Structures are given as C-alpha cells and as structure tokens.
Amino acid sequence: MNHLLESLTEPQRAAVTHHEGPLLVLAGPGSGKTRVITHRIAYLIESGVEPSQILALTFTNKAADEMQRRVAELAPGRRVWLSTFHRFGAMLLRRYAEYVGLEPNFTIYDTSDARQTIKRVIEAREINTLNYSPDRLHEAISAAKNKLITADEYQPRSGSMLSRVVAEVYPAYQAKLLASSAVDFDDLLLHVAKLLYEHAEIRAELDARYRYVMVDEYQDTNRAQYVILRALSSDYPNLAVTGDPDQSIYGWRGADLNNILEFERDYPSVKVVRLERNYRSTKRILRVADELIGHNLKRKRKDLWTENGEGTAVRLIAYIDQDKEATDIAEQIRASVAEGKRQPSDYAVFYRVNALSRSIEKAMRNAGVPFQMVRGQEFFARKEIKDVLAYCQLVNNPRDDMAFERTINTPVRGIGRKTIERLTEHAYRHGIPLLEAARAAWQIEGFSKGTAAKVAAYVEIIDRIAAVFHGDVEEVIGTVLEASGYKASLGSDDEQDQNRLANIEELLTDARQFDEQNPGGGQIEAYLERSWLVNETDNWDTETDKVTLMTLHAAKGLEFPIVFIVAVEDGVLPHERVGQHPDELEEERRLAFVGITRAKEELQMSYAITRDFRGVRRRTIPSSFLMEMPRNEMEMLGGEEAFDPHPFDPWDTPSDDDEGDDSWDFQLEDVTTESVSTGDGADNKRQTALGIAAAALTTAAALARAGATAGLSSSASPSREQAAAVHSALPRVSPDVFKQGMIVAHPEYGPGKIVALSGSGKNRRATIQFATVGQKKIILAHSAVRPAR
DNA sequence: ATATCCGAGATTTTT
DNA sequence: TCTCGGATAT
C-alpha cells in the first residue's frame, strides 16, 4: 500500500484518496484533520497533479506554516501555494490591482490604521456621527464588507441610526482608501471577490490554474470567502473543505455557519467524509463535550467516539471567590509539578475574557509556577515599529496619506497641527496626496519661510530613504532610523525609550534574517506585506515549559493534557453580551465545546460563588451550560472554601411549582437527588459540597426559568403569579443600592436587568430590560422594583 | 508639546 | 477597578 495511506484509518483514507469533485470533511475535534489535508496534498502530487495547481487556504499563518512544514516532509521539494486567505488575496490583488482601482504597490492597513483613516474622513467631511465611535463604525463597515456589500451598494436599514451614519461614512472611507491606494483586511477579500465576479476571463483563468483548492476551518469562512471559493471551483469543482460546524466561534467576525451547513446543497455531487473518531481526549471528556454540544440546534450531527481510556471524571468546582479559584488551580499545578508527576507545559487555563486572567496570573506568580499568557499585543503593532515602517510604507506608496501623517512629525520636528491642516487643505483642493502637497510647500499660501523649510527638510528625508529603497531591507530600515532622527530621539534612558530602542534593534535583526532568506535587495514591499499580515502572536512557543493562559478563542486548534476552564458562570460563559438571538447563545456553547475538547486527560471547570468584577462584588450564577452536561461523568466539588457561610438567599432553594418546562424540572430533580444519594454517610464534607453545588445549579435553573437573565436564555416567560411570588420574597432597599447590570424583580413585569442608571436618592432612575415587556424607565424610589438577590 | 484630569466604557480578535 | 481617549492647562 501507498506509504501515505498506511497510517490512516478508513475514513481518513477515503478523504485523502478523493481525487476529483467536491469533498466535505466533517472533522470532529482531535480527529486528525491536519493529517488528512497534508496527506491529501502529498497524495495528489504523487498521483501526478502539478503542485502549482494546488491551492490550500487557512485562516492563520500558524496553521499555514505548520501545514507547509508537514507537506514538505511528505512531499519534499514540491511547493504548493499554501497560505492564509488574506495573503492569497494580497497576492492576487498585486497582480490585478488596476482592475479594482489600486496601484500594485498598495498598502495594507491594519485595524488601527483603518480606524484612524475613518477618524480622518469623519473630520474632513464633517460627518455627524451621532457619537458612534470610529471603532464602532469600522466594525459595521467591516461587517458589511464581509457580507460583500460594497460602499455604493450599502443601504441604511430603517430604524437603525448606526446604519444611517455608516451609509455616509463607508463610501467616504472607501474613497479615501482608494485615493491612498490602500486596503484594509476586509478589502483583501472583497476586492478579490469582486474581481472574480466582474471579470469572467480572470475567473476562468484562475479557476483553471488552481485546479485543486483546499480549505481548512471552512466553518469560519464568511460570505466573501465563500464567493471567492465558488469562483475558483466552478469549471473545476475540486473544492475540498474541512471543518467542524461545532467549532465555529467567529460568527461575530462575519463567519457564516451556513457555508458549511449548506455545502452539500451548493455542491450536490459532494463526497462527505466524517471523521468522528477522536484521538485526543478521554471518553469522559468527550462525552461531556458531546452532550453539551448536543443542545445546539444549528449543527450537523456527529457521533464522536474514542478508543482512549475512560479517564478521570471531569471536575466541576464551586469556589467561594475568584481568588480561591485561582490559588487552588495554581496550587494543584504546583503540587503535581513538585511531585514530578507533571510539568508546567502540561497545563492550560482558559477563560472567556482577558480580564479574568488577572487573578490567575497573580496566583501563578505567588505559587512560583511559570506561565505564559497568550495575548494579541503584536510586535508589528507596537508604536515604534509602526512609526519606523511607516516611512518605508510612504516611500513604497507615496499616496499613503496615513503614513505621511504618521511620519511628518515623528519624531517631533516642529511641524504642528496648523501646518498639517494647511497641507491637508492644499492637498484636498488639488486632489493630490499629502506628500505631493508637501513637495510644493514653498508655494503654499500662509507658510512662513521657516515652516516651508521644515516641511522641505522632511521631504528630503523621504527622498533619502527612497534612494536606498532597492537595497536590502536592513539597509532601508537603517537609513530610516538615521535620516529621520528616530533613533536619536530615543536617546533618554527612561524605561520606555530603552524599551523602544530594544524593539527597534529587534526589528533590524528581523530584517537581517529576512534579507538572508530573500537575497538580492528590493524586497522591502515583500517585507512590509509580511509585517502587515503576519502577527507575532505566532510567537507563542510550545518549547518552553510553562503553563499556558489564554482565552477560549485562542485555544482553538490546540491541545493540552490538563485543562482548566474558569468562570463558567452565567454572564461570562455564555457572555452577557450575547444578544437575544439564539444563534449567539449557540456560538457561546460552541466556545465551551472548543474549550472542553482541548483537554486530553483531565478537565476541570469551575466557577466562583462571588466574583469581583469591575470593582463590584457580585454573587454569580453558574453557567446554564453546566446543566447541559452529563452529571454522571462529572465530579462536583465545593472545596473547603465553599463551606463558608453565606447570606441566606431566598432563591437558593429548589422551586416547587409544577408549572413550566418539564426538562428544567427534570434537571432540578436530577441535581437534588444526586446530591443526596452521593453521600454514603462516609464523607460529610463532600456531601455538603455537593449540596452547595447542587443548590447553586438549582438557583441558576430557577433564574433561567423565570427568564431573569432577560432574554439571554430561550426559556419561557414567567407567569404573573410567579413574578409576584418571587418578588414578595425580596427585601426592599434604598434606590442607591441599584447597580448597572443588576438583576431585579418587579411585581408586575417580573424579572429584569438594569441597563442604565441616572440620578441619586429619590431622583434615581433606572432603565430596566424586562423579560416580558421590554425596556422601561423607572423612578426607583416610587417603584416596587427590588434587587433579585 | 507635554502633563494631568476626568469620564465613559469595559467580549472574543484568525487577517 | 482599570484603561483609554479627549479636553484642558501649563
């Protein structure tokens, strides 16, 4: 048998040997998906397909690099085009720039550049943004672009103020980008999609050229990517995609789950391969994950299974507060490492939001456990790096006004706001880029001799850099540092300057390495492109022996022997900002699923009974997801700390009304019964612990059922009687006790959540989102509204 | 041009 | 509680 197929299972083999026609590989977590892709590439090559006819697309550089490496092992010396979608888009756009109104030397703006540009556009055109931040507007524009809605097609939705502003800003922003010969990340896809759509001959040529297209993480593709892929696999429909609808966690970035759910409809002749065998996790971990995700409606059924051992029970722990949670986790890790049973790199701690990492970090430090946090502060996004590269950017693309504005007075050379204003005005009037306006400084009205001289000196700097532009990257950057005076400006020995200097040194080192790999000079554009599209989050190293701390999103695609997921609480996971749309709740559930399935041997989920968040201590509600997990695979622990007495909570008892949703009642009974039956008389503490955990879960169930989470859950609305009953159990309080985000109860409207507050004392008013009647503005002193807990 | 003060707002972030 | 950005003061 072919050596490429030897180590594969039957379904894997079926996918690898699939030659012509569309292919959908539904790959569960840990099912060897990357192997399938890389082996298929190698297999195609071995069957005589030219490597240049194969195109493989991923979402991250990390994934692309990893695959490239593995393909190189399987098929040495045969390079296929394997890159991220965006890089592929950039490559095509450089070739076909003119078709979409760009210069081939266009600049790629990152998110902050885009935001900056939007800001400038708003100022220049004096657009009334109704207080929507540039950030918010960019998000909306980005969403539109992901949906393939161009600036001139964009229509405001009636009733949406935001969209009305966007309708004004989007075309202006897009015009600015084109005038600057720049694109944002979304344009890299949008322009390509448009290009392929509008130019049949180019589409046909590329379709034929990229005869075999493969896509990883297909569940994360957006509309633009979908259209590009369709265009490239129409005459030669050899599109092979792999993905897992259950791991789609980027819906908020425009990913359209329907792309994968409806793949079979789009390509009727598709061959579907399911990789359901998991090689990663224990049976118990897998069953917990499987049962949880089974609560999603929008999915494709998969039967996950594994030959791995049962493993230990998944732990669910209720801690008294976040510090106990953090210290206990740190202590567990410290102890196992000290005993020599484990090493730090075996562990990972996941959280829903970055803000939750604090207590964990602190505890790790105190326990002396080495750890690394994976966070998106990227090297190329640092100010000093962007400053320096902006000079190169401007020389490479003289129309790049953004780069001009960034560099004109950085380092400071006495060119102030007024001067820039005049330049901008002049440029605007003549329809020329800022750099060109600067070249005409001597002719500009209102410029003193001194001002004009300063501007001329700046232009001189740009020209000096341009003179060496065809040399090595290191030389170009070196010239920037000297000519611009940037390096000299970092002369002080305060920490920040020193730090920046060090980063710049690092940049030079990086440039030198780049030059070695790309000899011959004149490669600055390629270098810039790399700086725009490669982020240094990829520098998370698996080599060093440290505990990994990261968000659930960042965890996708990784695996660890032991995983902790913290703050599995209502409002955190699922996050409180998920809207009323059930799809968003399902995405949160998938996020939990992703987290769980990262674990190979052990998994601990935990919540804190009280948590300090944004300065306020709040009692938490355990995540409703916990109630969707199989109790019999789990071990519920309160730990010492959970035994501390806490205030009587009227909701903290199982509700005994028999109305409403059966499944909830079943869950309640289930929990209660188990908490009692588990105590076999031996371990008293344990019994109490279970009791507390169960009671907490019960509270959550009661809340969820009452709809107290105000639209978060899909549960039915409470009856009037229920609302009144709940309400009467609650104490009356002073108006000033009410806080933003607080869950409250109203005798008539039932439970609700405070979304806004104003005034104090008897003037204190609250805007409350009720589950039943929507938003109401209420004067607290005159109302019977009470805190729910 | 820089210091500092206040208020608003505070998910996730492959590119 | 913390952080970022804008506005104001020096």
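Lettering of chains follows the sequences in order, A, B, ..., and the numbering in each one begins at 1. Note that the structure is a prediction, hence the values are computed from the model and not measured.
- For the pair A:Q247 CD and B:dT14 P, the computed distance is 17 Å after rounding to whole Å.
- Remark: C1' of B:dT13 and OH of A:Y250 are 6 Å apart, rounded to the nearest angstrom.
- Proximity of a side-chain donor or acceptor of A:T407 to a complementary backbone N or O of A:F404 within less than 3.5 Å is detected.
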Table of protein N/O atoms under 3.5 Å from nucleotides 4-7 of chain C N/O atoms:
from  : atom 1 : to     : atom 2 : distance (Å)
C:dG6 : OP1    : A:K119 : NZ     : 3.4

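- Distances shorter than 4.0 Å separate some side-chain N or O of A:N409 from OP1 or OP2 on B:dA1.
- A:R70 CZ: more than 12 foreign heavy atoms inside a 6.0 Å radius.
- Distance A:D612 CG to C:dT1 P: 9 Å, rounded to the nearest Å.
- For the strand DNA chain C, secondary-structure stems (runs of at least three Watson-Crick or G-U pairs, all distances below 3.5 Å) span B:1-10 with C:1-10.
- For A:H553 and A:W252, the distance between ring centers is under 6.0 angstrom.
- Between A:F85 and A:T221 the shortest side-chain heavy-atom distance falls below 4.5 Å.
- As rounded to whole Å, 14 Å separates atom P of B:dT12 from atom CE of A:M550.
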Q. Hey, mind stepping through A:E405 and A:R120 against salt bridge (charged side-chain N to carboxylate O under 4.0 Å, His left out) and telling me if it holds?
A. CA-CA 10 Å; A:E405 287 195 52; A:R120 285 289 126 78; 2.4 Å; yes

Which donor-acceptor pairs under 3.5 Å do the side chains of residues 185-193 of chain A make with protein atoms, sequence neighbours left out?
from   : atom 1 : to     : atom 2 : distance (Å)
A:D186 : OD1    : A:S142 : OG     : 3.4
A:D186 : OD1    : A:N146 : ND2    : 3.3
A:D186 : OD2    : A:S142 : OG     : 2.8
A:D187 : OD1    : A:K145 : NZ     : 2.8
A:D187 : OD1    : A:Q174 : NE2    : 3.3
A:D187 : OD2    : A:K145 : NZ     : 3.3
A:D187 : OD2    : A:Q174 : NE2    : 3.4
A:D187 : OD2    : A:D184 : N      : 3.3

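- Within 4.0 Å of A:R358, counting heavy atoms only, lie sugar-phosphate atoms of the nucleic acid but no base atom.
- Atom C1' of nucleotide C:dT1 and atom CG of A:D323 are separated by 14 Å, given to the nearest angstrom.
- Without hydrogens or angle criteria, A:T38 side chain to A:M67 main chain gives no donor-acceptor distance under 3.5 Å.
- At whole-Å resolution of the value, CD in A:E587 and C1' in B:dT13 are 12 Å apart.
- Nucleic acid contact for A:D135: none, since no nucleic acid atom lies under 4.0 Å from a heavy atom of the residue.
- Atoms OG1 and CZ, on A:T610 and A:R619 in that order, are 7.5 Å from each other to the nearest 0.5 Å.
- Both A:R417 and A:I249 lie close to DNA chain B; mapped to their nearest nucleotides by heavy-atom distance, the more 5′-ward contact belongs to A:R417.
- Aromatic pair A:F59/A:Y218: ring centres not closer than 6.0 Å.
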Which atom pairs link the protein and nucleotides 2-11 of chain B when you take only N or O atoms and keep those under 3.5 Å?
from   : atom 1 : to     : atom 2 : distance (Å)
B:dT11 : O4'    : A:H575 : NE2    : 3.3

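- Straight-line distance from the CG atom of A:L188 to the P atom of B:dT14: 16 Å, rounded to whole Å.
- Without hydrogens or angle criteria, A:R598 side chain to A:E559 main chain gives no donor-acceptor distance under 3.5 Å.
- The side chain to side chain donor-acceptor pair (under 3.5 Å) check on A:R413 picks up A:Y391, with sequence neighbours excluded.
- Residues passing the side chain to side chain donor-acceptor pair (under 3.5 Å) test with A:E569 are A:R611, sequence neighbours excluded.
- Side-chain atoms of A:T551 lie closest to B:dT13 of the nucleotides B:dA1, B:dT13, C:dT3.
- To the nearest whole angstrom, the two P atoms, one in B:dT13 and one in C:dC4, are 16 Å apart.
- Across the protein-nucleic acid pair, A:L356 atom CG and C:dT1 atom P stand 17 Å apart, rounded to whole Å.
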